[in-house]
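To find a chain, count down the sequence lines: A is the first, B the second, and so on, and within it residues start at 1.
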2 protein chains.
Amino acid sequence: MKPIPSAELSAADAATGPTAQAAGAVLALERFLPYRLSVLTNRISTAIARVYAERFDLTVPEWRVMAVLGRFGPMSANAVCERTAMDKVRVSRAVARLAAARRLVRRVDIRDRRRSVLALTPTGRAIYAEIGPLALAVEARLLSPLGAADRAALDRVLALLEASAGTSFTKA
Amino acid sequence: MKPIPSAELSAADAATGPTAQAAGAVLALERFLPYRLSVLTNRISTAIARVYAERFDLTVPEWRVMAVLGRFGPMSANAVCERTAMDKVRVSRAVARLAAARRLVRRVDIRDRRRSVLALTPTGRAIYAEIGPLALAVEARLLSPLGAADRAALDRVLALLEASAGTSFTKA
DNA sequence: GCAATTTAGTTACAGATGAAACCAATTCCA
DNA sequence: TGGAATTGGTTTCATCTGTAACTAAATTGC
């Protein structure tokens with residue numbers, strides 16, 4: 001799609017100068033928390049994904065499922081959803097791929113036969129054990145410019161925000 | 001895809017108990033910064049997207065482009081990429097949709113005819129002016145449990161992390 | 001000058017995604 | 001009981017996404 005040549009622009013559509021919004025500046029994007037978080041998070045998860053994506057043939061949702069199961073032990077798909085804030089379709093597909101690769105197994109839950117219990121296989125656990133330290137190394141590098149006080153502050157503030165987001169917004 | 005009935009599980013694939021990973025616990029997911037950021041950010045952007053998605057028929061990348069243009073005035077698509085950390089394909093498509101909806105115009109840059117200068121139309125500016133306060137309200141609600149000191153700390157730490165992510169990881 | 005390289009942006013394609021529809025097991029409650 | 005509503009999970013479909021290949025304009029090196 002070609003840009004419209006200048007000559008065809010109507011006067012009404014003419015560009016606003018860089019100062020035009022200064023009067024009613026509504027939203028200073030670079031100070032807007034959701035925006036900052038989004039950009040930062042994107043950069044970080046892309047960087048971490050590079051660590052495991054090619055090397056282990058793992059997608060982001062797959063790694064998340066493995067990480068949750070590795071950390072907390074077997075649980076239902078629904079529980080994985082809650083822990084990761086991913087929707088159930090995404091989890092379902094990640095689980096299907098992981099099961100096909102024999103990295104986890106699904107067992108029917110005897111007490112509620114709609115549910116299946118997901119558990120890493122030894123293979124899955126081995127991969128989890130291998131990726132964990134790599135991911136931690138990335139985190140360490142990221143946090144390296146922060147002193148102890150900064151880290152504590154970050155931890156506290158994140159906890160507050162997590163709580164706030166949990167109550168303010170109805171969780172999907 | 002049905003779960004495999006329990007009886008067909010091999011012993012080797014049996015589930016790990018919740019304690020099995022306690023010995024070699026590699027990664028405490030709930031303390032892992034990239035994970036926490038990702039969950040938090042997902043929740044927030046979903047909440048904000050709800051504000052404008054249906055009401056203005058805007059996707060996330062479209063809103064980002066509008067926000068940058070609204071905030072900083074006309075610029076090239078490339079400049080938008082840098083400001084939003086979105087890749088150029090995404091920006092290109094968002095711009096195409098916005099142009100089709102007459103929310104922005106592209107003019108050929110006379111000084112470099114490969115480039116086009118993007119600028120919000122009056123329509124686009126009106127939408128931007130309407131969404132801004134709504135987005136800010138969501139942010140305010142999110143930040144409400146934080147005191148002044150917490151907000152300052154958050155600001156500082158985010159700046160450090162942004163710098164750290166910028167230098168540690170080669171930007172996409 | 002002008003071929004070779006670089007840069008701005010679009011398009012094609014293959015895979016990922018979410019909303020909604022769906023199936024099956026469970027719970028609710030008259 | 002037994003039908004309606006709920007819940008766990010999968011599938012479908014239309015859309016979104018990123019990689020890579022592409023076009024066109026500008027710059028570089030000679």
Side-chain angles (χ1 to χ4, degrees), chain A residues 1-6 38 42-43 45-47 49-50 53-54 57-65 74-100 104-118 170-172, chain B residues 1-6 38 42-43 45-47 49-50 53-54 57-65 74-101 104-118 171-172:
Chain A
M1 194 178 293
K2 295 273 175 215
I4 303 168
S6 289
S38 171
N42 265 353
R43 292 230 165 93
S45 19
T46 305
R50 267 201 288 274
E54 340 81 44
D57 186 32
L58 269 183
T59 66
V60 172
E62 277 166 54
W63 160 241
R64 294 236 177 111
V65 171
M75 69 181 77
S76 72
N78 220 338
V80 171
C81 291
E82 280 160 26
R83 291 240 182 237
T84 57
M86 300 194 292
D87 71 298
K88 59 185 188 166
V89 177
R90 215 156 130 162
V91 169
S92 171
R93 287 195 263 239
V95 165
R97 281 185 301 251
L98 289 170
L104 64 74
V105 287
R106 300 184 245 220
R107 284 167 303 152
V108 176
D109 184 338
I110 306 299
R111 312 179 43 147
D112 183 343
R113 290 154 45 72
R114 290 170 302 185
R115 205 171 300 178
S116 26
V117 176
L118 309 172
T170 358
K171 55 197 56 170
Chain B
M1 194 180 291
K2 294 277 176 212
I4 304 168
S6 289
S38 171
N42 265 352
R43 292 229 164 93
S45 19
T46 304
R50 267 201 289 273
E54 339 82 45
D57 186 31
L58 270 183
T59 66
V60 173
E62 277 166 54
W63 161 241
R64 293 236 178 112
V65 171
M75 68 181 78
S76 72
N78 220 340
V80 172
C81 291
E82 280 159 26
R83 291 238 182 237
T84 57
M86 299 195 292
D87 72 298
K88 60 183 187 168
V89 177
R90 213 156 131 164
V91 169
S92 170
R93 288 194 263 237
V95 165
R97 281 184 301 250
L98 288 171
L104 64 75
V105 286
R106 301 183 246 219
R107 284 167 302 152
V108 176
D109 185 338
I110 306 298
R111 313 179 42 147
D112 182 344
R113 292 157 42 71
R114 291 169 303 183
R115 205 171 297 177
S116 26
V117 176
L118 309 172
K171 58 195 56 170

For nucleotides 1-4 of chain D, print each protein N/O atom paired with a nucleotide N/O atom at under 3.5 Å, atom names and distance only.
none

*Looking at residues at least two apart in the chain, or sitting in another chain, which of them share a salt bridge (charged side-chain N to carboxylate O under 4.0 Å, His left out) with Asp112(B)?*
Arg114(B), Arg115(B)

*Please name the pair of heavy atoms, one in Asp109(B) and one in Arg111(B), separated by the smallest distance, quoted to 0.1 Å.*
OD1-N, 2.9 Å

*Mind calculating the distance between CG (Asp109(A)) and C1' (dT7(D)) to the nearest angstrom?*
13 Å

Between N or O atoms, less than 3.5 Å apart, protein on one side and nucleotides 5-7 of chain C on the other: list the pairs.
residue	atom	partner	partner atom	Å
dT7(C)	O4'	Arg114(B)	NH1	3.4
dT7(C)	O2	Arg114(B)	NH1	2.8

_Just to verify, what does Ala53(A) make a side chain to side chain contact (heavy atoms under 4.5 Å, CB included) with, not counting sequence neighbours?_
none

Review item, side-chain donor-acceptor pairs of residues 88-97 of chain B, under 3.5 Å, at least two apart:
residue	atom	partner	partner atom	Å
Arg97(B)	NE	Glu62(B)	OE2	2.5

*Do any side-chain nitrogens or oxygens of Arg106(B) fall under 4.0 Å of OP1 or OP2 in dA8(C)?*
no

*Which sits closer to the 5' end of DNA chain C, Arg111(A) or Asp112(B), going by the nucleotide each is nearest to?*
Asp112(B)

*Look at the side-chain N and O atoms of Ser92(A) and state whether any lies under 4.0 Å from the OP1 or OP2 oxygen of dG9(D).*
no

*For Arg107(B) and Pro74(B), which heavy atoms make the closest approach, and how far apart are they?*
NH2-CB, 4.4 Å

*All side-chain hydrogen bond (donor to acceptor under 3.5 Å, both in side chains) counterparts of Ser38(A), not counting sequence neighbours*: Arg64(B)

Atom pairs under 3.5 Å: protein N/O with N/O of nucleotides 16-21 of chain D:
residue	atom	partner	partner atom	Å
dG18(D)	OP1	Arg90(B)	NH1	3.4
dG18(D)	OP2	Asp87(B)	OD1	2.9
dG18(D)	N7	Arg93(B)	NH2	2.8
dG18(D)	O6	Arg93(B)	NH1	3.2
dG18(D)	O6	Arg93(B)	NH2	3.0

*Applying side-chain hydrogen bond (donor to acceptor under 3.5 Å, both in side chains), name anything that partners Ser76(A), two or more places apart in sequence or on another chain.*
none

*Could you walk me through whether Leu118(A) and Leu98(A) pass the side-chain contact (heavy atoms from CB on, under 4.5 Å) check?*
CA-CA 10 Å; Leu118(A) 309 172; Leu98(A) 289 170; over 6 Å; no

*asked:* My understanding is that only residues two or more places apart in sequence, or in another chain, count here; which of them pass side chain to side chain contact (heavy atoms under 4.5 Å, CB included) with Arg83(B)?
replied: Val68(B), Phe72(B), Met75(B)

*Once you round it to whole Å, what is the distance between C1' of dG8(D) and CD of Glu82(A)?*
12 Å

